[in-house]
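First comes the structure, then the notes that go with it.
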2 protein chains.
Amino acid sequence: MTADPDGMNPVGGSPVDCLPAELLANPLFLLGRLGVAVKARAIEEFDRTGFGPYHYSVLALLEEGARETQASVADTLELDRGTLVGLLDDLEEHGLVERARDRNDRRRYVVGLTPAGRRQLVVFRAILERLEEEFLAPLDEADRAALLDRLSRIASHHDPRFSRPRL
Amino acid sequence: MTADPDGMNPVGGSPVDCLPAELLANPLFLLGRLGVAVKARAIEEFDRTGFGPYHYSVLALLEEGARETQASVADTLELDRGTLVGLLDDLEEHGLVERARDRNDRRRYVVGLTPAGRRQLVVFRAILERLEEEFLAPLDEADRAALLDRLSRIASHHDPRFSRPRL
DNA sequence: TATTGTTATACTCTATAACTATA
DNA sequence: TATAGTTATAGAGTATAACAATA
């Protein structure tokens, strides 16, 4: 199971089982690896609530801007409209959101948060805080702000919807 | 198609179609989003070569530490051993790597880079450089170093194999 | 019996596109 | 005809586990 059982590594060779320095020095490689890792961890954590990160993001969006139609929610979150149906079904089933027909256009549904939905949002936020503490443990507040700043600039450069509204 | 066709948004409401500020201020959310985005872009770019990012990482690993056995390559790269078989099949088929039986343990294969493999590595690196330029465009050199530093510290905190060997 | 490499299988996630009801 | 929501299908990517050869 050890990497060099017969001690035949070349003298001065790279540390056992370490990833290539070429990869470790590549910000894109780290970004990709860490990105999928956080996603996996988040799914894992949310799983115990019976929901997933997408359920949370839907609730978070609904809390900010009310009177959302399904299409706008899906587009904003870059979710497939078909996928969103399933998410809303889950949420509605647990009384966290409500769908109401739009009287002006009976094709549309107007989706809104319920009080239970707001309470669930608090639970989700607590999960995320714990997860952030775990994942960003080696970074102090200044580091986290610096990281967020760079990530935010990258994201908003490729997609204006990621621009943070100035306070 | 527009988000507010009837102009009924509350006064002072959040910008149209913008993601919730709660999400935009969350480093984990951005990390996850950007991470899957880079991965997707990388796959897309590598696709034109007939290979994928994993083929590249295998070649990069083989160039650094020679005489690798398949199990060690898979473990180091955190790849499924079954998946690695397919990757090596592809690479060997194009003459980029060679598999040779280990005489001391005939269950094992010793995998090594061929000259063609080294040349392909140059091509892959060029693709990655372009991709980094595109993806990290809004960041100057200092920003990129700062980003790499934080990502590197996070990664090595959770997995020692991500520690960069001191020069 | 345990391990290396291989192959086959199953499962998850997501993207595509057909379908309905309204407009 | 076009659009909102729904449903069903198919595909990629990945994980699980059975398998043959060797130790």
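Below, all heavy atoms of this structure are taken into account, side chains as well, without hydrogens, waters or symmetry copies. Bear in mind the structure is a predicted one, so any value in this text is a computation, not a measurement. In the text below, chain A, chain B and the rest are named by the order of the sequence lines, each starting its count at 1.
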Salt-bridge criterion met for A/Arg125 and A/Glu63 (N-O under 4.0 Å): yes
I'd like to know if the side chain of A/Ser72 and the backbone of A/Glu68 have a donor-acceptor N/O pair within less than 3.5 Å. no
Is it the case that C/dT3 (base atoms only) and B/Arg107 (side chain only) share a donor and an acceptor within less than 3.5 Å, ignoring hydrogens and angles? yes
Look at A/Glu44 together with A/Arg41 and state whether they make a salt bridge at an N to O cut-off of under 4.0 Å. yes
Can you check the B/Ile43 CD1 to C/dA15 P distance for me, whole Å? 12 Å
A/Arg81 CZ - C/dT20 P separation (whole Å): 19 Å
Categorize B/Asp80 for me: base, sugar-phosphate, or nothing, with a 4.0 angstrom heavy-atom threshold over every strand shown. base
Among the nucleotides C/dA23, D/dT7, C/dT6, whichever has the atom closest to the side chain of B/Val85 is C/dT6
Are OP1 or OP2 of D/dT6 and a side-chain N or O of A/Thr83 less than 4.0 angstrom apart? no
Within this structure, what is the CG-to-C1' distance between A/Leu88 and D/dT7, rounded to whole angstrom? 15 Å
Rounded to the nearest angstrom, tell me the gap between atom CD in B/Glu44 and atom C1' in C/dT14. 16 Å
Rounded to whole Å, CD of A/Gln70 lies from P of C/dT22 at a distance of 15 Å
CZ of B/Arg101: more than 12 outside heavy atoms within 6.0 angstrom? yes
Respond yes when some side-chain nitrogen or oxygen of B/Tyr54 is under 4.0 Å from OP1 or OP2 of D/dT14, and no when none is. yes
Would you indicate, yes or no, if C/dT12 has its OP1 or OP2 atom less than 4.0 angstrom from a side-chain nitrogen or oxygen of A/Lys39? no
Would you classify B/Arg99 as touching base, sugar-phosphate or nothing, given that sugar-phosphate means primed atoms plus P, OP1 and OP2, and contacts are heavy atoms under 4.0 Å? sugar-phosphate
